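Just so we're on the same page: letters track the sequence lines, and every chain starts at 1. Scope of the values below: all heavy atoms of this structure, side chains included, with no hydrogens, waters or symmetry mates. Keep in mind that what you see is a predicted model, and the values were worked out from it rather than measured.
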Amino acid sequence: MGFGGGEASPEGIFFSYVGGEAADIREKLGFGASAPSVGFRATALEGRNAPLPSMFLQWYNRPTESPAARNAAQYRVTMELNDLQAQRQAKLERLRDAGLNPYPTRSSRTHSIAAALADFDALATSESSLTLAGRIVGARRVMGKIAFAHIEDGSAGIQLWISRAEVGDEAFLRFRDDLDTFDIVEVAGVLRLTQKGERSIFVRSITILAKTINPPPEKWAGLSDVEERHRQRYLDLIVNSERRDIFRARARTISTMRSVLDARGFVEVETPVLQPIYGGAAARPFTTYHNQLGQNLYLRIATELYLKRLIVGGFPGVYEISKNFRNEGVDRSHNPEFTMMECYQAFADYRDVMDLVEVMLREIALAVTGGTLVPYQGQQLDFGRPWPRISMAQAILEQTGIDIAQIHEIDVLHAAMNAANLKVERKGTWAKQVDEIFSEYVQPLLIQPTFIIDYPVELSPLAKRKPEQPAFTERFEAFIVGMEIGNAFSELNDPFDQEQRFLDQLKDFAAGDDEAHQMDADYVNALMYGMPPTGGLGIGIDRLVMVLTDQPTIREVILFPHMRQRD
RNA sequence: GGGCCGGUAGCUCAGUGGUAGAGCACCUGACUUUUAAUCAGAGGGUCGUGGGUUCGACUCCCACCCGGCUCACCA
């Protein structure tokens, strides 16, 4: 088995199937030159971005002399299926030889496995014929005249009970010799309990629906390599079927969030992913380019400024569940693209938003886990009670003895830090130093759902000042297990203050802070038309799902997390 | 980017300078109630890549590639 011939060129990969050479390859593999044609026919796979079979990639990526030599040379295909794949390929050809289509166009199943099991007793008693379909999972246990296996269809699994006397020699031997674990089959039969009492389908006939070429991972250890699990998520989902529950929980998290917001009159909207000016967060963006417009565009880092324009426009409340993109590090709680829900409510402030968060997360916890006590990595999180609301200054005072509400000079702060023997990196400005102390001494301790409120104004260029304490803002962040899950504030609606904040950010940017906020003149213009007092909120969906599904890393709750590209 | 750990059969992993190993998977045979079926047998490897030391390298040295964890920045 293999590809007939191929050529790699600077423009891409061109590949075609050549029958004569394939016959040679078949012979080399012991199939005989007269064996039927091969199963993979790659025709004109063009461009490096085209989806390519993995064995082709292995072939293409094998070590060569140099890129120039690779481009210049005409390669004969030497990549072969590995033994296990070749064996399955041979079985596929045997099925074809027997006149069976290994990839028929349709299934004629009558029940999902879950439906059959739900009605098992009645269907078994009546000996009703039914047809089930699914993937063969786990070991096939084939004895001389009887065989057992399990199939799984996404709704549930059931045991196949195959008697040689019942299905006949030909079908029994075909099951034994030509079908494999992971093949997708359809079985007709009746429901029946085995002697061991397991609910099974006593098979009358069996039909292949899809022949599998790739073998399953090892039976016990399974697919345990973390990288392979993420790269081949499809395989992870097959083998570790409980993993599907994580993504069902993710879907339920989002749908519950929607229903909470919808019920409160928020309107779901969509705003641009491609933005000429990025904003709404402190982060480095991804940059792209529009050819016709001749314009740089940025992938959004947040939806905030567009959503608030819509509050100016008269919506009483809006929300968007968006993919955001931040060109920054990748770790246990960061993926370059991530999902955030942002919502804005007119005539509300950050206290109202805290109430909303408590209600929303309680409902989500109930919907996803069935309760408000949620286990996470050996700890128990309580979503059933009001969250503590602690000011940042108070939290820092409690953990370090330093009162940032009384210290506004960076030098004095540094002196206090030395006196208190704080082991944190020294920062150049008071606000960044406060943030650093908080991150180091407070944040890791915030295990239970907690609101930290009233952030320094320099760290919050879009939040309204506290009237009685103008150096701080009406802002809160929601923390769970030491992770920031949410960020919210009473939105700044004074256009002149907003303009000045942007100007201050520009100074930071000029001073080398490449995460500083951009000037968005149109946003200031919108505020000049008047925005009502507004409470806004952002919630990191991925992190929330991590917490609710007890997962240690963000990659476990993202179906296709970003992975470094393999050369 | 820094630090630590790793890359050996399809999978999970042993192997401290002297012929490349195990379990599982797969293949062949036996077997009419299995649940990781069992029993017997066979096949399967450029030991991540390149260079060096050596009579001899999976093993020691150097460089590189790839991955994981971790630190720093960010949600």
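- Spacing between B:rU33 and B:rG21 at atom C1', rounded to whole Å, works out to 37 Å.
- Protein atom CD of A:Q159 is 7 Å distant from nucleotide atom C1' of B:rU35, rounded to whole Å.
- Residue A:E436 has its side chain nearest to B:rC73 when only B:rC27, B:rA30, B:rC73 are considered.
- Between the C1' atoms of B:rA14 and B:rA9, the separation comes to 13 Å (whole Å).
- Minimum atom distance to the side chain of A:H150 is reached by B:rU35, of the listed B:rU35, B:rU33, B:rC74.
- Taking A:V273 as the reference, A:L299, A:R300, A:F325 meet the side-chain contact (heavy atoms from CB on, under 4.5 Å) condition, with sequence neighbours excluded.
- At a cut-off of 3.5 Å, with distance as the only test, a side-chain donor of A:N487 or A:R475 sits close to an acceptor on the other residue.
- Heavy atoms of A:D180 sit under 4.0 angstrom from primed sugar atoms or phosphate atoms, though from no base atom.
- B:rG3 and B:rU35 have their C1' atoms separated by 47 Å, given to the nearest Å.
- For A:A139, the side-chain atoms get nearest to B:rA37 when compared with the rest of B:rU32, B:rA37, B:rC74.
- Side-chain atoms of A:T553 lie closest to B:rC69 of the nucleotides B:rC69, B:rC73, B:rA37.
- The gap from the C1' atom of B:rC11 to that of B:rG50 amounts to 28 Å, rounded to the nearest Å.
- Nearest to the side-chain atoms of A:R326 among the listed nucleotides B:rG29, B:rC74, B:rU33 stands B:rC74.
- OP1 or OP2 of B:rC73 has at least one side-chain nitrogen or oxygen of A:K427 nearer than 4.0 Å.
- The pair A:K432-A:E425 does not meet the salt-bridge criterion, since no charged nitrogen lies less than 4.0 angstrom from a carboxylate oxygen.
- Within the 4.0 angstrom heavy-atom criterion, base atoms lie near A:S333.
- Looking at A:K145, A:R192, A:R204 one by one, the single match for salt bridge (Lys or Arg N to Asp or Glu O under 4.0 Å) with A:E166 turns out to be A:R204.
- For A:Q195 and B:rU35, the CD to P distance is 13 Å, given to the nearest whole Å.
- Minimum atom distance to the side chain of A:K91 is reached by B:rC27, of the listed B:rU33, B:rU35, B:rC27.
- Across all strands shown, A:A282 has heavy atoms under 4.0 Å from sugar-phosphate atoms exclusively, and none from any base.
- Within the nucleic acid shown, A:N335 comes within 4.0 Å of at least one base atom, counting heavy atoms only.
- Applying the side-chain contact (heavy atoms from CB on, under 4.5 Å) rule to A:T553 yields the partners A:R332, A:R555, A:E556; only residues at least two apart in sequence or on another chain are considered.
- The gap from the P atom of B:rU59 to that of B:rC73 amounts to 40 Å, rounded to the nearest Å.
- When the nucleotides B:rU32, B:rC74, B:rA72 are ranked by their closest atom to the side chain of A:E440, B:rA72 comes out on top.
- B:rG41 and B:rC47 have their P atoms separated by 29 Å, with the value rounded to a whole Å.
- Side-chain N/O atoms of A:Y455 and A:E477 include a donor and acceptor closer than 3.5 Å.
- Distance from the side chain of A:A165 is smallest to B:rU32 among B:rA30, B:rU35, B:rU32.
- Checking B:rC73, B:rA37, B:rC74 against every side-chain atom of A:E425, the shortest atom distance belongs to B:rC73.
- Consecutive Watson-Crick or G-U pairing (both distances under 3.5 Å) extending over three or more pairs maps onto RNA chain B as B:1-7 with B:65-71, B:10-13 with B:21-24, B:27-30 with B:38-41, B:48-52 with B:60-64.
- Minimum atom distance to the side chain of A:R555 is reached by B:rG68, of the listed B:rA72, B:rU33, B:rG68.
- Taking the C1' atom of each, B:rG23 and B:rC60 are spaced 30 Å apart, rounded to whole Å.
- In this structure, A:F182 CZ and A:R135 CZ are separated by 6.0 Å, a value rounded to the nearest 0.5 Å.
- Taking atom P in both B:rG44 and B:rG1, the straight-line distance is 42 Å, to the nearest Å.
- Residue A:D169 contributes atom CG, which lies 13 Å from atom C1' of B:rU32 at whole-angstrom precision.
- Here B:rC74 presents its P atom at 8 Å from CD of A:E328, a figure rounded to the nearest Å.
- Residue A:G144 is in base contact, counting any heavy-atom pair closer than 4.0 Å across all strands shown.
- To the nearest 0.5 Å, atoms OH (A:Y306) and OG (A:S322) are separated by 12.5 Å.
- Atom-to-atom, CZ of A:F148 to P of B:rC31 comes out at 17 Å; the value is rounded to the nearest Å.
- Side-chain atoms of A:T271 and A:E320 include a donor-acceptor pair closer than 3.5 Å.
- Between A:R284 atom CZ and B:rG1 atom C1' the separation is 12 Å, expressed in whole Å.
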